[in-house]
A.B. asks: 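Can you read through this structure? Questions will come right after.
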Amino acid sequence: MGKRNNQRKNVAMLDSSDDNSSVSSSSTGRSDLMSVSGSDDVQVDKDSLLEQALDALYEKRFATLLHQCLNSIKKGSSKEIALACHAIGLLALTVGSGDNAREILEESVAPISQALKSQSDSLKTESLLECLAVVTFVGANETEETERSMQIMWQLLHPKLGSNVVAVKTPAVVVTAVVSAWAFLLTTMDGCSLNSKDWQESISYLSTLLDKDDRSVRISAGEALALIFETGSIEKFAAENKTPPDGSVLEGNKSCEGYTRILGLKSKILNQVRSLSAEAGGKGSTKKDLNSQRNLFKDVLEFLEDGNTPEISMKIGGDSLQTSTWSELIQLNFLKHFLGGGFVKHMQDNEFLHDVFGFTPKRKHILGVEHQMSSGEKRMFRSPNSVLNKARTQFLNKQRMLSKDRNVGHFAVGMGDEDM
């Protein structure tokens, strides 16, 4: 119950550090009051029942919100689906890793997978992909769970077609969304556990995307390839093909052929990256997009040639968030895009994101500076429904009643005097 209790606080109070302390001190105050009256055991039982009731209420609200959003994914319009997907992703990031995030993942995979099969429009597909990526990122505990979501994404680019099904060209915006979400989940994978054959096909396909006309497709493919190189997958695959697991020499020198093919693919990608880092531009391309492409592929080229990764520093309030790997950069960009205007607030208050990026924001108030009440403290002390305000109201009502009784008594005495 302790874990769920902590998650409930995260949902109810984003200012978790201050709120947790205020809740703790309030609980202590109640316990002290009961100690004076000699009813410790009764209070412990009441607190336990209260905790259980709050847990049950939290679980009910959590499940209700999740299933309402999943119903929208199943039956809603494209806009409803987009909003529901965003809400589910935010819910996962807010509760953080744990049983609830795992439940979100397990409940969401099937509806999202089914909805992705009917690609009615790009907005719907992008939203579904982002949601699947976020809930998997937060809720997956096993490699197989992450691979399952990545395969669902990849099938949009390589669908399994029946004999009577005609292949439909995937829009560039969807290709970009798939590759970005896929790479985001790849940041959580161990390169040593990757299957050689499957990943060679992925690398080869990403290489073809570097030649596409759409610049956003090229950029997303470039980031994914940089990440794959960072995991050491290329070298791993080359070594596997150079020497069979049992150390024997394959018949027909197939091992050497595979090794040569992988090295050739690596050389091809290097040439593509070098070309894109110095592209002069094209018809209809904006300068901003062109500069973004050049800067990205310059970083990729420097990484492939010298092993230097781009270092990014971002201001979050008065704190600095820094990344030094492709993995961290891809995670940062994806979550920043998903959270939009809420990114800074989440980075300041969301303990799950603190763990992801190793980011520890400074305390919101320093000794000697006036303390700003957190949202939880405002609810506790200023809300009309707060314990403090209810007690104050009861006290004032009692005072009014006593005052009324005194006035009535005085009035009655006065009337008696006149009669006398």
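Residue numbers run from 1 in the order of the sequence given.
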A.B. asks: Counting distance only, does the side-chain N/O of Ser320 pair as donor-acceptor with the main-chain N or O of Ile316 below 3.5 Å?
C.D. replies: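 Answer holds: no.
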A.B. asks: Do Leu296 and Gln293 make a side-chain contact, defined as non-hydrogen atoms from C-beta onward lying under 4.5 Å apart?
C.D. replies: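 SC-SC contact between Leu296 and Gln293 ruled out.
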A.B. asks: Check step by step if side-chain contact (heavy atoms from CB on, under 4.5 Å) holds for Leu225 and Leu210.
C.D. replies: CA-CA 10 Å; Leu225 284 167; Leu210 295 181; 3.7 Å; yes
A.B. asks: Are Leu339 and Leu93 close enough, and set up right, to give a side-chain contact (heavy atoms from CB on, under 4.5 Å), and what steps lead you there?
C.D. replies: CA-CA 10 Å; Leu339 292 170; Leu93 286 171; 3.8 Å; yes
A.B. asks: With no hydrogens and no angle check, do the side chains of Glu230 and Ser327 hold a donor and an acceptor under 3.5 Å apart?
C.D. replies: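 There is no such pair between these side chains.
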A.B. asks: Is a side-chain donor or acceptor of Glu126 paired with a backbone partner of Val173 at a separation under 3.5 angstrom?
C.D. replies: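 Checked: no pair found.
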A.B. asks: Taking all atoms of both residues into account, what is the closest heavy-atom pair of Leu70 and Pro111, and its distance?
C.D. replies: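 The answer is CD2-CG, 4.3 Å.
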A.B. asks: Taking all non-hydrogen atoms of both residues, which atom of Arg218 and which atom of Lys212 are closest, and how far apart?
C.D. replies: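 Where Arg218 meets Lys212 most closely, the heavy atoms are NH1-O, 2.6 Å.
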A.B. asks: Please walk me through it: do Lys75 and Asn71 pass side-chain contact (heavy atoms from CB on, under 4.5 Å)?
C.D. replies: CA-CA 6 Å; Lys75 303 176 181 179; Asn71 285 335; 5.6 Å; no
A.B. asks: Tell me the closest heavy-atom pair linking Phe334 and Ala181, and the distance in Å.
C.D. replies: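 In this case the closest contact between Phe334 and Ala181 is CE1-CA, 3.8 Å.
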A.B. asks: Within the structure provided, determine whether Ile269 and Ile203 are in side-chain contact (heavy-atom separation under 4.5 Å).
C.D. replies: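 SC-SC contact between Ile269 and Ile203 confirmed.
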A.B. asks: How many angstroms lie between atom SG of Cys131 and atom CD1 of Ile104, to the nearest 0.5 angstrom?
C.D. replies: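 It comes to 9.0 Å.
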A.B. asks: If we check side-chain contact (heavy atoms from CB on, under 4.5 Å) with Phe184, which of these qualifies: Leu227, Thr136, Asn333, Leu335?
C.D. replies: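 The option that passes is Leu335.
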A.B. asks: So, taking the atom named CD1 in Ile312 and the one named CD in Glu328, what distance separates them when rounded to the nearest 0.5 Å?
C.D. replies: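 Reported to 0.5 Å precision, the distance equals 11.0 Å.
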A.B. asks: Are Met189 and Glu147 side-chain neighbours, meaning at least one heavy-atom pair lies under 4.5 Å?
C.D. replies: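 A side-chain contact under 4.5 Å exists here.
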A.B. asks: Got a donor-acceptor contact below 3.5 angstrom from the Ser78 side chain to the Lys124 backbone?
C.D. replies: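 Between the backbone of Lys124 and the side chain of Ser78 there is no qualifying donor-acceptor contact (under 3.5 Å).
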A.B. asks: Please report the shortest heavy-atom distance between Thr146 and Ala140, naming the atom on each side.
C.D. replies: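 In terms of heavy atoms, the two residues are closest at OG1-CB, 3.6 Å.
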A.B. asks: What pair of heavy atoms forms the shortest contact from Cys85 to Leu128, and how long is it?
C.D. replies: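 Smallest interatomic distance, heavy atoms only, reads SG-CD2, 3.5 Å.
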A.B. asks: Answer whether the closest heavy-atom distance between the side chains of Val178 and Thr170 falls below 4.5 Å.
C.D. replies: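 Side-chain contact under 4.5 Å: no.
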A.B. asks: Find out whether Gln322 and Phe357 are in side-chain contact, i.e. whether some heavy atom of one side chain is under 4.5 Å from a heavy atom of the other.
C.D. replies: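 When only atoms from C-beta onward are counted, Phe357 and Gln322 do not touch, as no gap falls below 4.5 Å.
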A.B. asks: Between Arg294 and Asn291, does the side-chain contact (heavy atoms from CB on, under 4.5 Å) criterion hold? Intermediate values first, please.
C.D. replies: CA-CA 5 Å; Arg294 284 175 177 168; Asn291 287 338; 3.9 Å; yes
A.B. asks: Once the angle between the rings of Trp154 and Trp182 is folded into 0 to 90°, is it parallel (under 30°), tilted (30 to 60°) or perpendicular (over 60°)?
C.D. replies: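 Plane angle between 30° and 60°, so tilted.
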A.B. asks: Tell me, yes or no, whether the heavy-atom count around Asp213 atom CG, taken from other residues, nucleotides or ligands under 6.0 Å, exceeds 12.
C.D. replies: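 No, not enclosed.
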A.B. asks: How about Val175 and Asp214: do any of their side-chain heavy atoms sit closer than 4.5 Å?
C.D. replies: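 Result no, sub-4.5 Å side-chain heavy-atom pair not found.
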A.B. asks: To the nearest 0.5 Å, what is the distance between CG on Leu353 and OG1 on Thr94?
C.D. replies: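 Rounded to the nearest 0.5 Å, the CG-OG1 separation comes out at 9.0 Å.
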A.B. asks: Using modelled atom types and a 3.5 Å cut-off, is there a donor and acceptor pairing between side-chain atoms of Ser275 and backbone atoms of Asn271?
C.D. replies: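 The answer is no, because no donor-acceptor pair under 3.5 Å joins these two groups.
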A.B. asks: Can you tell me how far the CD atom of Glu223 sits from the OG1 atom of Thr187, to the nearest 0.5 Å?
C.D. replies: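 Taking CD in Glu223 and OG1 in Thr187, the distance rounds to 11.5 Å.
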A.B. asks: Could you measure the distance from the CD atom of Glu107 to the CG atom of Leu66? Nearest 0.5 Å is fine.
C.D. replies: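 Result: 6.0 Å between the selected atoms.
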A.B. asks: Hey, does the side chain of His346 reach the backbone of Glu351 with a donor-acceptor pair shorter than 3.5 angstrom?
C.D. replies: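 No.
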A.B. asks: With side chains defined as the heavy atoms from C-beta onward, is the minimum distance between Gln114 and Ile73 less than 4.5 Å?
C.D. replies: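 When only atoms from C-beta onward are counted, Ile73 and Gln114 do not touch, as no gap falls below 4.5 Å.
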A.B. asks: To the nearest 0.5 Å, what is the distance between CG on Asn100 and CG on Leu105?
C.D. replies: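 One gets 12.5 Å once the value is rounded to the nearest 0.5 Å.
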A.B. asks: Mind checking whether Phe297 and Glu279 have side chains closer than 4.5 Å, heavy atoms only?
C.D. replies: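 The answer is no; the side chains never approach within 4.5 Å.
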A.B. asks: Looking at the rings of His337 and Phe343, which for Trp means the six-membered one, are their centres under 6.0 Å apart?
C.D. replies: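 So the answer is no for these two rings.
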A.B. asks: Please evaluate residues Arg148 and Glu106 with respect to the criterion salt bridge (charged side-chain N to carboxylate O under 4.0 Å, His left out), reporting the C-alpha separation (whole Å), side-chain torsions for both, the decisive distance (0.1 Å), and the verdict.
C.D. replies: CA-CA 11 Å; Arg148 176 185 60 186; Glu106 292 306 313; 3.3 Å; yes
A.B. asks: Strictly distance-based, threshold 3.5 Å: is any side-chain N or O of Glu145 a donor or acceptor partner for the main-chain N or O of Asn141?
C.D. replies: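 Pair found, side chain donor or acceptor close to backbone of Asn141.
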A.B. asks: Which heavy-atom pair separates Ile81 from Ser72 by the least distance, and what is that distance?
C.D. replies: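 Where Ile81 meets Ser72 most closely, the heavy atoms are CG1-O, 3.5 Å.
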